[in-house]
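Only a predicted model underlies this, so the values are computations on that prediction, with no experimental measurement involved. Every number for a ligand or one of its atoms is a count from 1 in the order of the listing.
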Amino acid sequence: MRYLSTRGQAPPVTFSDVLLRGLAPDGGLYLPQQWPTFDISDLQKRSGSEPTYQFLAGEIIWPFVEDTFSRKELDDLIERAYATFTSQRIVPTKNFTENLWLAELFHGPTLAFKDIALQLVGQFFDHQLEKNSERITIVGATSGDTGSAAIEACRDRDAMDIIILHPHGKTSEVQRRQMTTVHASNVHNIAIEGNFDDCQNLVKAMFRDDEFNRAINMSAVNSINWARVMAQIVYYWWTAMQVAKTTQVSFCVPSGNFGNVFAGYGAHLTGLPVNKFIVASNTNDVLDRFFTTGRMEAQAVAPTLSPSMDIQISSNFERLLFETLDRDGAEVESKFENFRNEGFLAVDQSTLTQLKTKWASSRVNDEQTLKTIASIYEETGELIDPHTAVGIAAAKQNIEDPNIPIICLATAHPSKFPEAVHTATGIKPDLPPHLDNLHQREEVFSVLPNNLEDVKEFILGKARR
Ligand SMILES: *Cc1c(COP(=O)(O)O)cnc(C)c1O
């Protein structure tokens, strides 16, 4: 399989290049040249009477990576990636009311769905770097979930150092401690005296600085990396195969950067029958406005109870645009040029009508989020986190046909956002056993001013070269 760029100007490359590069040289995102296809009953047959997530992952991922790994290597990397999960089924599903199902994506080490892709991508990176006798320094900015998931995926690995910038005093207690209490010699946390945008700007400036960038062999594991999207395609097949043996399903996905729900669309393009994708936004509703009006326009980010969705520029949306415009890279480029220059991007009415046959959306505010956490607890005894609640509220607004199951993706464990859950239900959810002493663990991080030179000097001192 070769990969091409959504801007159409970059030469096709192998999976190994896509993995280690992230962004294409023409500024676009990578996608497979053709989507492989699978058949649900064939996968069911091959999975046998005791299907495992790991087996299915091997079947689905194989055609995407066959130019880079042997099947045996792939299967071993998958085994290792998911050995850290606390549920044997990796992504268990539950029917919680009428036709609504919950897919629990939070059984990985940091309690959010990002572990499912990052645990595997960490294994892929390590394997490829060792094969190429290469060493890299991963630098990233985080407002919460991505930082801890990336740290857990890269800790204790010889070929990588990882440096994560977070805004000092501005992440939640649980999120910060999940990063700062990891004591591994290749992990370094920097608390920047500034906000998340300052952290992000520092990282971008370091990427643009060629000399610095080369000196540390700088890399990223951000959500535009194709390997992350690819790893997420697996659980759409897995959950659909568990929930519906015969009918179509719909998926409802709490969305920010659009990586998760695009992976669902990727599953559909590889042959999974899906009725609708329901995109759930909080009050940062750029996606909901797009699917309603056909016009994408970013506004200022407003903080909400679901902070991992407080995003106004959904990077992975570019992949859907490319597919929707029949893979016309020049057209994608021209739309993004308009977005840069005029502040908005639009599709015509017939394109919007066509999109609406597969896509629905809703905007859910904090008050509705709390109400949903409370009502789900009353009805089912189940505690859900605020991101999952945004999704469930959106799913309930978009029930078209009660015979079609809607799988709601539960993207974080309730104990990761205990304040919102407590406000809604009066209950403080417990952290799972592997994290139950999180609040007693020693934190290690360095506080630095919002100054590029200071940050660069710190990183040069830590990165092993
Ligand atoms: C990252 C995240 C999201 C948003 O996912 P995208 O792939 O960026 O759309 C939703 N919920 C939680 C808990 C997250 O950590």
Side-chain angles (χ1 to χ4, degrees), residues 29 91 102-119 121 140-153 166 171-172 174-175 178-179 196 200 221-233 235-236 251-267 277-288 290-291 301 304-320 359 361 364 369 373 383-395 408-418 420-421 429:
L29 310 189
V91 180
L102 209 57
E104 295 182 353
L105 301 173
F106 51 68
H107 294 285
T110 72
L111 313 180
F113 84 91
K114 294 187 173 68
D115 287 328
I116 297 175
L118 280 168
Q119 284 294 313
V121 171
T142 189
S143 56
D145 294 342
T146 309
S148 57
I151 286 173
E152 280 298 337
H166 71 265
T171 57
S172 84
V174 172
Q175 287 178 325
Q178 284 186 319
M179 298 189 280
F196 172 64
Q200 186 94 43
V221 283
N222 48 24
S223 82
I224 51 125
N225 194 305
W226 161 256
R228 283 180 63 179
V229 174
M230 176 189 74
Q232 294 174 179
I233 291 175
Y235 55 71
Y236 285 88
F251 288 95
C252 182
V253 188
S255 295
N257 241 325
F258 207 71
N260 197 356
V261 71
F262 183 78
Y265 193 64
F277 291 101
I278 302 162
V279 177
S281 301
N282 62 25
T283 47
N284 297 291
D285 60 351
V286 58
L287 290 167
D288 179 45
F290 173 78
F291 285 109
V301 174
T304 70
L305 293 175
S306 42
S308 300
M309 293 154 66
D310 291 347
I311 285 170
Q312 287 281 351
I313 297 187
S314 302
S315 326
N316 277 291
F317 175 78
E318 178 161 347
R319 290 190 158 110
L320 177 64
W359 297 84
S361 69
V364 176
T369 303
I373 298 175
L383 291 175
I384 53 171
D385 103 288
H387 302 79
T388 306
V390 168
I392 291 178
C408 299
L409 302 195
T411 52
H413 191 278
S415 67
K416 195 155 187 176
F417 299 93
V421 177

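- At least one side-chain heavy atom of K114 sits under 4.5 Å from a side-chain heavy atom of R228.
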- Message: Test side chain to side chain contact (heavy atoms under 4.5 Å, CB included) on S415 and V174; report intermediate values, then the result.
- Response: CA-CA 9 Å; S415 67; V174 172; over 6 Å; no
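- The residues lining ligand 1, counting any heavy atom closer than 4.0 Å, are F113, K114, D145, P254, S255, G256, N257, F258, G259, N260, S308, M309, H387, T411, A412.
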- Message: One pair to check against side chain to side chain contact (heavy atoms under 4.5 Å, CB included): H107 and V91. What are the steps and the verdict?
- Response: CA-CA 7 Å; H107 294 285; V91 180; over 6 Å; no
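- Counting heavy atoms from C-beta on, the side chains of L320 and Y265 come closer than 4.5 Å.
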With a 3.5 Å cut-off and sequence neighbours excluded, list the donor-acceptor pairs that the side chains of residues 256-263 form with protein atoms.
residue : atom : partner : partner atom : Å
N257    : OD1  : S315    : N            : 2.9
N257    : OD1  : S315    : OG           : 2.9
N257    : ND2  : S223    : OG           : 3.4
N260    : OD1  : Y235    : OH           : 2.7
N260    : OD1  : Y236    : OH           : 3.1

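- Side-chain contact check for Q175 versus H166: every heavy-atom pair is 4.5 Å or farther apart.
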